[in-house]
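For reference, the structure is listed below as structure tokens.
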2 protein chains.
Amino acid sequence: MADYAEDERAVPLDGLSVEARIHDVMMELTAAEKRAARGLLGSYPTLGFAPVAEFAAVSGISSATVLRFVARLGYRSYPDFQRALREELDERSKSPLQRAEAAPPRADGDLHYLDRYMARMAANLSATAARIPISEFEALAARLAEGRGGCHLIGGRFTDAVAAYMEAHLRLVRPGVRRLDGRTATRADQLIDVRAGDIAVIFDVRRYDPQLLETARSLAGRRAFTVLVTDEWISPVSRHAKIVLPCLTETGSTWDANSALFTLVEAIIARTTELAWPAASRRIGSLEKG
Amino acid sequence: MADYAEDERAVPLDGLSVEARIHDVMMELTAAEKRAARGLLGSYPTLGFAPVAEFAAVSGISSATVLRFVARLGYRSYPDFQRALREELDERSKSPLQRAEAAPPRADGDLHYLDRYMARMAANLSATAARIPISEFEALAARLAEGRGGCHLIGGRFTDAVAAYMEAHLRLVRPGVRRLDGRTATRADQLIDVRAGDIAVIFDVRRYDPQLLETARSLAGRRAFTVLVTDEWISPVSRHAKIVLPCLTETGSTWDANSALFTLVEAIIARTTELAWPAASRRIGSLEKG
DNA sequence: TCCCCTCTGAAACGTCAATTTCAGCATTGA
DNA sequence: TCAATGCTGAAATTGACGTTTCAGAGGGGA
């Protein structure tokens, strides 16, 4: 593991975007430098990610001029400039609600708050499904369906409820299910029953809980099969997880939405029940009666 | 002008996108390689434009594993992989119908269980929104936002988790929130603190809980403002409720889906927070610190 | 027309990043 | 419990890329 330093700011002083900065200096640029600017704006921002030689070739100038161009923009080096571009792109895609809020401001006519909210969550579900690797989902369901070993569910401040919901169902499908208190899960008496090969499902969304990370570390030490259900920014718990299921939660308002997590849990339960049906049906039948 | 060669295809054989390719091989990846995949998917595609060392550091693995990862994807070198990413990004921004192409990463034919499940739930949400009277929704949010009197949340066997989730958020927005144990809520000591004008939110879905009905009756007797969140067949508790919010839960398989209930609860929380913002913001601020 | 100044690109340079190697380690099966 | 296999990351190696230098081209003024 490298000790990579990510503190250094790529952008010199102001927080201007690369594109804005180009427009600012455009008029002071020399002829060849302008061609560099044209080239970059022509296929923005991808050309900036290319090596200098390619940038130069596409723009029809020499490498040296490209370097002079980025220096004009205020960047100390070409890699510096590229980093700025990356951070910018990241920033843009980190708020997919630009679409949901900026795109249909008037298109929705007089749909009510509730309609809009539910519609956005519906879109969220589809997008979440698309970004979750099927193999991970299937692997988890299969493992849960096996029914061997223990199965420990751990949630955070808000996601504890989701864990509880999962527990209530999973108990009926397979034995050995129990829920740990997320806040005290690090304590030895909580983890003492965790054995090698046990499944541990951890729910962690922003703002990530340091205690959960600690718990995950302990679980990894105990050779538990750790599963993480998290948000699009992916909790640091992923370091210790065998399976990671990221859900979209961003809403842009006060609360993030855990609807996708909840629905994913239901999907997991449904799939697990299906896979374990021979055993589960008998179990459910006897428990329902009792 | 450099003699830069741009003829060489970065992508080996098929025209698959990097993202699609990741999902394809995800199953065959080793543990550390999966971390790389998650890292990239977590901030896609920007992390792929970073130097190998940074990619590795962010994903929590070594540089060597990153290289092995891109090799698994079928790229002959890291720069080769980066070029594929660039071409992909360019392609997307060149056509405004990016959605139509980028949205269905998996063809309609081989939709997986998870895709189908999420799609059905998405449809459920829209249908649920359509059948809930806006006036009821607004009335509830407004009443909750007032913040006067107590607010009691009661769930059933499975819906107790939904009630817990609502409690966790509502506590931050307004005072007087508490959750009753659904199974023992009829007992006098549980109901003794309920006063006239208090809000009581009851969650009840099939198979309807006789105890909850009894509790609702008692609450009505105490002049509580009773709200019912239920399924499409509508719990008998509705007899005692001032507001009824029906959600679609039918799935046709073993378990009914409470996803719509959960999402509705989030919508209620969001709307309430919005309406109560002046008071709620201060409250949230002070509670977050403590 | 000639000279000077600025801009420009080719080539040399040195650095840093991608790649390869290898030893240690965890994980799987007997 | 032990051996074998395959995964993993640290360090060494190589090569590529960004950077610098400098000679010459282009253009404007005297």
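Just so you know, these numbers use all the heavy atoms, side chains as well, and skip hydrogens, waters and symmetry mates.
- A heavy atom lying under 4.0 Å from DNA chain D marks the following residues of residues 64-72 of chain B, by number: B:A64, B:T65, B:R68.
- Atom pair A:R76:CZ and D:dG18:C1' shows a separation of 15 Å (rounding to whole Å applied).
- Relative to the side chain of A:P51, the nucleotides C:dT19, D:dG9, D:dC17 differ in distance, and D:dC17 lies closest.
- Residues that satisfy the side chain to side chain donor-acceptor pair (under 3.5 Å) test with A:S235, not counting sequence neighbours, are A:D204.
- Helix-axis bend for the helix from C:dT1-D:dA30 to C:dA30-D:dT1: the local axis fitted to the five terminal pairs at one end deviates from that at the other end by 30°, rounded to 10°.
- Note on A:R222 versus A:D198: no salt bridge recorded, every NZ/NE/NH1/NH2 to OD/OE distance being 4.0 Å or above.
- Taking atom NZ on B:K34 and atom P on D:dC7, their separation rounds to 12 Å, with Å as the unit.
- Atom CD in B:E54 sits roughly 16 Å away from atom P in C:dC16 (whole-Å rounding).
- Within the 3.5 Å criterion, the main-chain N or O of B:T30 finds a donor-acceptor partner in the side chain of B:E33.
- Going from atom OH of B:Y78 over to atom P of C:dT20 covers 15 Å, rounded to whole Å.
- Every residue two or more places apart in sequence or in another chain was checked for a ring pair (Phe, Tyr, Trp, His ring centres under 6.0 Å) with A:F55, and none qualifies.
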Could you list the donor-acceptor pairs under 3.5 angstrom formed between side-chain atoms of residues 64-72 of chain A and any protein atom two or more places apart in sequence or on another chain?
residue	atom	partner	partner atom	Å
A:T65	OG1	A:S62	OG	3.3
A:R72	NH1	A:E28	O	3.0

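- Checking B:D90 against A:T46 by side-chain atom types alone, a donor-acceptor pair falls below 3.5 Å.
- Here the P atom of nucleotide D:dT19 and the OH atom of A:Y75 are 14 Å apart, to the nearest Å.
- Classification of the A:F137-B:H112 ring pair by plane angle, with boundaries at 30° and 60°, yields perpendicular.
- Partners of A:Y78 by ring pair (Phe, Tyr, Trp, His ring centres under 6.0 Å), not counting sequence neighbours, listed by chain and number: A:F81.
- C:dC16 atom P lies 15 Å from atom CD of A:Q82, rounded to whole Å.
- Contact between the side-chain N/O atoms of A:T30 and the OP1/OP2 oxygens of C:dT6 is not found at any separation under 4.0 Å.
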